[in-house]
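Contents: one structure, followed by commentary.
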Amino acid sequence: MRQIESCFNSINQSKQTYQETKDYLNQLDRSILAKAFRGELVEQDPNDEPASVLLERIRADREQQQSTSNRRKRGLAK
């Protein structure tokens, strides 16, 4: 009977350890993501363009590609 109780205690301790570890990993994931969005994971290069400029350039490139694609579909571009 004592062996069974000991096994149950071990199982309960393992279950508690598992839950604590799972909670810690979830918190760690959130913390890493937060640091990534704040740019705190790696040293920042002051020569890099701001994200807003990069996004605007990407948007303009996409618009240009779409415009070229539309002209090709209509037979206006070579």
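FYI, the numbering just counts along the sequence from 1. This one's a predicted model, so the numbers in the text were calculated from it and none came from an experiment.
Checked for salt-bridge contact, Glu5 and Arg2 miss the test: no charged N lies under 4.0 Å from a carboxylate O.
Under a hydrophobic clustering in which Ile, Leu, Val, Met, Phe, Trp and Tyr are joined whenever their side-chain heavy atoms come within less than 4.5 Å, directly or via other members, Ile32 and Leu25 fall into the same cluster. Clustering ILVMFWY residues whenever any of their side-chain heavy atoms sit less than 4.5 angstrom apart, transitively, puts Leu41 in the very cluster that holds Leu28.
Scanning for side chain to side chain donor-acceptor pair (under 3.5 Å) contacts around Gln3 gives an empty result, with sequence neighbours left out.
A salt bridge (charged side-chain N to carboxylate O under 4.0 Å, His left out) check over residues 23-34, counting only residues at least two apart or in different chains, returns nothing.
Side-chain atoms of Thr21 come within 3.5 Å of backbone N or O of Thr17 as a donor-acceptor pair. Formation of a donor-acceptor pair under 3.5 Å by the Gln44 side chain with backbone atoms of Val42 is found in this model. Remark: the backbone N or O of Ser6 is paired with a side-chain donor or acceptor of Ser10 at under 3.5 angstrom.
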Begin with the C-alpha distance, continue with both residues' side-chain angles, and end with the deciding distance and a verdict on side chain to side chain contact (heavy atoms under 4.5 Å, CB included) for Ile58 and Asp61.
CA-CA 5 Å; Ile58 291 171; Asp61 287 347; 5.6 Å; no

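Between the CD atom of Glu49 and the CG atom of Leu55 there is a distance of 9.0 Å, given to the nearest 0.5 Å. Rounding to the nearest 0.5 Å places CZ of Arg59 at 4.0 Å from CD of Glu56.
The neighbour count for Glu20 CD, taken as heavy atoms of other residues, nucleotides or ligands under 6.0 Å away, is above 12. Around atom CD1 of Ile4, no more than 12 heavy atoms belonging to other residues, nucleotides or ligands sit under 6.0 Å away. More than 12 non-hydrogen atoms from other residues, nucleotides or ligands lie less than 6.0 angstrom from CD of Gln19. Within 6.0 Å of CZ in Arg62 there are 12 or fewer heavy atoms belonging to other residues, nucleotides or ligands.
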